[in-house]
Every structure is written in structure tokens, then in C-alpha cells.
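Shown next, in C-alpha cells, is the structure this report addresses.
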There are 2 protein chains.
Amino acid sequence: MEKPLDQTDWRILAELQENGRLSYNQLGRRVNLSSPAVAERVRRLEEAGVITGYQARVDPAKAGLPLTAFVQMRCQLGRCLLKTTTAADLPEVVEVHKLSGSSCSMLKVRVTSMRHLEGLFERLGEHGEMHSYVVLSTQYEGRPVEPPPTDARPVTDPAGWSR
Amino acid sequence: MEKPLDQTDWRILAELQENGRLSYNQLGRRVNLSSPAVAERVRRLEEAGVITGYQARVDPAKAGLPLTAFVQMRCQLGRCLLKTTTAADLPEVVEVHKLSGSSCSMLKVRVTSMRHLEGLFERLGEHGEMHSYVVLSTQYEGRPVEPPPTDARPVTDPAGWSR
DNA sequence: GTTGAAAATGCCTTGGC
DNA sequence: GCCAAGGCATTTTCAAC
């Protein structure tokens, strides 16, 4: 059930991440497989949870949310954002990650305006210390996941500490 | 061409972000429109660049990339990551944002292992100062973009500085 | 701008190899 | 994993509201 993905699987993933609406016919042509064969592989990738769904990609700026920011939260005990609020309360928050280190979480937020961002920061600030980073521009986002390099690059150790 | 999205457009976006493979038939039923009508709206959303494409969502962990981290770069003059390397050189980097403030960019990276992460950090470190944050767990990511709240919440000003 | 139906295309699935 | 064929859902077009 936890079989590693072969090269064909990765080609399928690459194609479907670039165009999630390809028919099995088109997809099969691009990876040199017949449509039943490719359909079976896709079904397995979905069943294994590798493919979790299909999503239309929306340009936030074109949809009226031109500002993006990252927020690091260092929540106060008992006021942690993750325990005192719910996703529905903060529709501006599009990503939430728990972190190691001194910050407890990293958020990505999208807003309509600086005024909107200011109001959001006030609400988030209730939960603890906060560091914010406003995004000026985004080079890319949602880049397709690629197969990891097979050559495990060795970590350099010029001083020889690991010997 | 830059018309604001109406409520129906947002319902369409919500459905397609949740399931990008809905047929116009199914989609129309969910937003109370006929299939030609909904097809026309989707075509316009695509043409206007609101919908930028359709993507299969891949679980990075299931695909062999169980570790995620954020990296803030404060590049040295002339060694900026964005000017001295290309996307193909750093397949681990799945997001790049330019930032305001003292850091020049925020990266999201995905790797196979701690060893892999260590090697990546070494390579990134060549370009300047670096702050990294390892993700312990992700609550959500790629949350559908929602219509911004219509009620522009006023920023609080108890002390009256803005008067 | 929207509706409804009808025609034609293309698709998915099944079975046999 | 491939090929072929059957049945089916889909997209698209059109006239009408």
C-alpha cells in the first residue's frame, strides 16, 4: 500500500498538477500509456491518498484579494489561536502551520486592502505576540511537487566534525 | 473587463475550488443555473484570469516529501537568490515571495528528510542571512479563496489618534 | 442575460488478449 | 498493460423568453 512511486507515476502527477482536467485519453497519450492503464494508475494514486483532489486555481488578486501576508504567531498560554478560534472566524487565513522553535504557528493571509490587513492584525494580536511580513510580489506559488532527486547529496563537512 | 464578481461567480469559484472536475451539468445544478449559462460564466472567469487553471492536489508527504519548512532570506548584495539561481536549480522550493521589511524573500520548501533539509540550507546559506522554520504539522493549506466580507470592519481607535 | 432541448462529439468502462 | 466496442454523459449550438 505504501509502494514508492515509479517514474510513470511521477509523469502522471506532473501532468495532472499542470492540468487537472486532462481526460484519460489525453493523459495516456502524454505518458505513453493506454487510457485504461492510466485510469487504473490514477485510481490507485487517488486511493493511496497521493492525489487528494482537484482544484481550480484562483488568482487572489483578480478575485479582489490583492494583498498577501505571512504572520508568525507566538501565542500566549490559553489564548492560542488554534484553540480559541475556528477557521470560519478567520476567512482571511488561507494557511495554518504549526512550527518548531519560538513561534507556535505560521499563517498565510489574504486581504482586500491595507485597512483590512490592519483590522485583521488587531484581531490576531489578541492571541499573543505577532510578527508579520507583507508580500510585495509572488514569484510562484503552488509549484507542482516534483520527484525528489535520487542522488542523496552529501552534507559538506570540511572541518570533519562528523568523523 | 474588470467587473467585480457577483454572488453567483463566487459560488462557482467555491465549487470549482472544492472540486475542479465538476461537469457544467453538476456545477449548474449546485449554483442554480443551466449548463450553458454556467459554462459561459466559467469561460469568462478563465478569460479574465480569475481562474488560472486546474490542478490535481498532491499530498507531499504521501509523495515522499514529508518535511516542509519556511525560509526567510536576507540576501547579500549581488548574491540575491532571485538573481543568481533559477527555479530548476532548486526543485525543493515550492513558493517564493518577495517581502517588505528586512528580509528580502520568504520561501516554502519541501524535502524528503532532515538530511536533505540540511543540505538545502547549506546551499541557500550561500546567498545571505537565513532564518528557517520547520513545520511540525499543517492545519490547512490551499484553502479556497472566499469572497471578502462586505462589512468593512472599522479599525479600532480607542485612543483617538486618527481624529 | 438566461433557459431548455437536441445533436454531435468525445469519454469511460468493460471484456478478451 | 493493450486493444476494441458499447453505452453514456458531456459539451455546444440553437431558437425562444
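All chains are named by letter (A, B, ...) in the order of the sequence lines, taking the proteins before the strands, and each is independently numbered beginning at 1. If you're wondering where the values come from, they're calculated on a predicted model, not measured in any experiment.
Counting non-hydrogen atoms under 4.0 angstrom, B:Arg44 reaches the backbone sugars and phosphates but no base.
Put simply, the side chain of B:Val50 does not reach to within 4.5 Å of the side chain of A:Asp59, judged on heavy atoms.
Counting side-chain heavy-atom gaps under 4.5 Å among Ile, Leu, Val, Met, Phe, Trp and Tyr, the cluster of A:Val96 also holds A:Leu67, A:Val71, A:Met73, A:Leu81, A:Leu82, A:Leu90, A:Val93, A:Leu107, A:Val109, A:Val111, A:Met114, A:Leu117, A:Leu120, A:Phe121, A:Leu124, A:Met130, A:Val134, B:Tyr140.
Side chains of B:Thr84 and B:Arg79: a donor-acceptor N/O pair is absent below 3.5 angstrom, by distance only.
Comparing the helix axis at one end of the helix from C:dG1-D:dC17 to C:dC17-D:dG1 with that at the other, each defined from 5 consecutive pairs, gives an inter-axis angle of 30° (nearest 10°).
Here D:dT12 presents its C1' atom at 13 Å from CZ of B:Arg43, a figure rounded to the nearest Å.
Sorted by first then second residue, the ring-ring contact (aromatic ring centres under 6.0 Å, His included) pairs that include residues 70-89 of chain B, not counting sequence neighbours, are A:Phe70-B:Phe70, A:His97-B:Phe70. Listed by first then second residue, pairs satisfying ring-ring contact (aromatic ring centres under 6.0 Å, His included) with a partner in residues 33-65 of chain B number zero, not counting sequence neighbours.
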Full working for salt bridge (charged side-chain N to carboxylate O under 4.0 Å, His left out) between A:Lys108 and A:Glu141:
CA-CA 12 Å; A:Lys108 188 196 282 180; A:Glu141 197 170 8; 2.5 Å; yes

What do the steps show when you test A:Asp9 against A:Arg41 for side chain to side chain contact (heavy atoms under 4.5 Å, CB included), and what is the final call?
CA-CA 7 Å; A:Asp9 288 324; A:Arg41 278 186 183 255; 3.0 Å; yes

Would you check, one step at a time, whether the test salt bridge (charged side-chain N to carboxylate O under 4.0 Å, His left out) holds for B:Arg44 with B:Glu40?
CA-CA 6 Å; B:Arg44 289 190 186 185; B:Glu40 174 66 10; 3.0 Å; yes

Take B:Arg30 and B:Leu22 through the test side chain to side chain contact (heavy atoms under 4.5 Å, CB included) and record every step on the way to the result.
CA-CA 10 Å; B:Arg30 292 175 196 215; B:Leu22 285 175; 3.7 Å; yes

Should A:Val135 and B:Met106 be marked as a side chain to side chain contact (heavy atoms under 4.5 Å, CB included) after you check the CA-CA gap, both sets of side-chain angles, and the distance that decides it?
CA-CA 9 Å; A:Val135 171; B:Met106 172 81 79; over 6 Å; no

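Listed by residue number, the members of residues 8-27 of chain A with any heavy atom below 4.0 angstrom from DNA chain C are A:Ser23, A:Tyr24, A:Asn25. Across residues 34-41 of chain A, A:Ser34, A:Pro36, A:Ala37, A:Arg41 each have a non-hydrogen atom less than 4.0 Å from an atom of DNA chain D (numbered order).
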